[in-house]
Amino acid sequence: MRPITYSRATDPQSAVATVSADPTCDYLAGGTTEIDLLRQYVLQPRRLVDINDLPLAGIETTPERGLRIGATTRMSDVAAAPAVRERFPMLSEALEKGASPQLRHMASLGGNLLQRVRCAYFRDPQAPCNKREPGSGCSALTGHSRDHAVLGTSEHCIAVHPSDAAVALTALDASVHTLGPGSGERAYPLDDFFLLPGDSPHREHPMAHGELITAIEVPPAPVARRSLYLKVRDRASYEFALVSVAAALSVVDGRIADIRVALGGAATKPWRARRVEDFLVGEVAERRAFAQAAQVELAEARPTPMNAFKVELAQRALVRALGTLAEGTGLEAGSHA
């Protein structure tokens, strides 16, 4: 049995000071993933600092008409907020498809972004895993890899980032705001916040130990009012994505004026599909263009024999999502993924 010290933080500054001073100390918010990893002996902190009493919850409209979402705001509260549903429906849909109602009522948005990978080898303390123990190897490279990444991989890790909300927030150019030891307040663009595995897959984000997420800020994006989150999975509920697409589309006179696209389930981080965006701006909103853009985005995929199907599945999902958004502009309904 491992003894763990537990305490409640009373203000953000003291929480940061406490955790940053002890490398065996971690934050505890909703705990929906962290407690599982504690039980599995994957995480072994000696002290937990509960941050649920900190004034870090709530949703505010910024002066620019974006949103500032407190880090401890529950996923269910964010998904249900009228401002989110009206201005950023892709985020609301991603949150609702991301977990069961019970988990959404417990899990915080900040914690959801920081959840660890769902790779079975990471969660097995007996299996070599470079994320859990740097330099030990990646069991998935020669093992079961059906659910793993085809984009952003390296010879050291092919695990998929599991967050649905992070995919939508990446498409929306969101930023993560933090309070750190010594550095004070910082803001990270979300697309830079999640790191590719490279040769250091144990580093999943640039934050220092003890740095605390305080808020997630979503800038105004008129294009996002017409957006969706498509999640392709083995079953309709309580399942992680094989491939997902967060997409927003604006069509003027039959041509694409603005577009936002990000992929989930296919990459080692929430994957901003910038090749799709660059290819499609100014193009006619039609299936042929969507299919060509999807092929360009997946051209550098590096699948394993077990997950090679994800390349075509991601392309089909992209066409379906964009086709659905383009309906009413003369384009036929999107094909099935």
Side-chain angles (χ1 to χ4, degrees), residues 89-91 93-94 97 145-153 158 160-161 163-164 166-173 191 194 196 221 223-224 226-234 240-252 254-337:
M90 69 160 71
L91 177 56
E93 292 176 11
K97 294 176 180 178
S145 58
R146 177 179 181 270
D147 299 328
H148 287 66
V150 298
L151 293 168
T153 62
I158 58 173
V160 167
H161 192 279
S163 171
D164 292 287
V167 179
L169 289 167
T170 296
L172 293 169
D173 289 320
D191 200 25
F194 297 107
L196 293 172
V223 66
R226 187 174 183 83
S227 66
L228 59 75
Y229 186 73
L230 172 65
K231 185 173 183 177
V232 182
R233 44 190 166 173
D234 286 326
F240 289 89
L242 290 171
V243 167
S244 65
V245 180
L249 189 68
S250 173
V251 178
V252 178
R255 293 189 178 271
I256 297 170
D258 196 1
I259 182 172
R260 306 286 183 85
V261 184
L263 285 169
T268 54
K269 60 177 280 185
W271 190 264
R272 185 69 178 267
R274 296 194 184 277
R275 290 186 178 91
V276 168
E277 296 174 353
D278 292 343
F279 185 96
L280 288 176
V281 170
E283 292 290 325
V284 175
E286 61 182 8
R287 186 185 315 279
R288 176 192 58 79
F290 297 156
Q292 290 176 342
Q295 290 175 358
V296 170
E297 188 66 52
L298 273 297
E300 295 184 5
R302 296 173 56 189
T304 69
M306 285 190 180
N307 68 8
F309 72 94
K310 281 193 175 188
V311 177
E312 182 177 356
L313 184 62
Q315 293 181 44
R316 287 174 174 264
L318 282 164
V319 173
R320 179 180 173 185
L322 294 171
T324 299
L325 291 172
E327 286 180 6
T329 65
L331 180 72
E332 295 180 0
S335 63
H336 293 291

Please report the shortest heavy-atom distance between [X] and [Y], naming the atom on each side.
X: Ala308; Y: Pro303; value: CA-CB, 3.6 Å
X: Ala246; Y: Met90; value: CB-SD, 3.8 Å
X: Ser163; Y: Ala166; value: OG-N, 2.9 Å
X: Pro270; Y: His161; value: CD-CG, 3.8 Å
X: Trp271; Y: Glu297; value: NE1-OE2, 3.0 Å
X: Val281; Y: Ala257; value: CG1-O, 4.5 Å

Checklist entry - Taking only residues two or more places apart in sequence or in another chain, which ones pass side chain to side chain donor-acceptor pair (under 3.5 Å) with Asn307? => result Thr304
Checklist entry - Testing Leu322, Val296, Leu263 for side-chain contact (heavy atoms from CB on, under 4.5 Å) with Val276, which one passes? => result Leu322
With rounding to the nearest 0.5 angstrom, report the [atom1] to [atom2] distance, [X] to [Y].
X: Leu280; Y: Asp258; atom1: CG; atom2: CG; result: 11.5 Å
X: Thr268; Y: Leu151; atom1: OG1; atom2: CG; result: 8.0 Å
X: Glu277; Y: Ile256; atom1: CD; atom2: CD1; result: 10.5 Å

Is a side-chain N or O of [X] found less than 3.5 angstrom from the main chain of [Y], in a donor-acceptor match?
X: Gln315; Y: Ala294; value: no
X: Arg233; Y: Phe240; value: no
X: Ser250; Y: Val223; value: no
X: Lys310; Y: His148; value: yes
X: Arg287; Y: Gly323; value: no
X: Arg272; Y: Thr170; value: yes

Using a 4.5 Å cut-off on heavy atoms from C-beta on, say whether the side chain of [Y] contacts that of [X].
X: Thr324; Y: Leu230; answer: no
X: Leu298; Y: Leu318; answer: yes
X: Asp191; Y: Arg274; answer: yes
X: Phe279; Y: Ile259; answer: no
X: Arg255; Y: Val284; answer: yes
X: Val245; Y: Val232; answer: no

Item to check | By ring-ring contact (aromatic ring centres under 6.0 Å, His included) - contacts of Tyr229 (at least two apart) | outcome: none
Item to check | Worked verdict on Thr153 versus Arg302 for side-chain contact (heavy atoms from CB on, under 4.5 Å) | outcome: CA-CA 7 Å; Thr153 62; Arg302 296 173 56 189; 4.0 Å; yes
Checklist entry - Is atom CD of Gln292 surrounded by more than 12 heavy atoms (other residues, nucleotides or ligands) closer than 6.0 Å? => result yes
Item to check | Step-by-step side-chain contact (heavy atoms from CB on, under 4.5 Å) determination, Leu325 to Leu228 | outcome: CA-CA 8 Å; Leu325 291 172; Leu228 59 75; 3.7 Å; yes
Item to check | Glu93 bridged to Lys231 by N-O distance under 4.0 Å | outcome: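 So Glu93 does not pair with Lys231 through a salt bridge.
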Next on the checklist: Between Arg146 and Asp234 (salt bridge meaning N to carboxylate O under 4.0 Å), is one present in this structure?
Outcome noted: yes
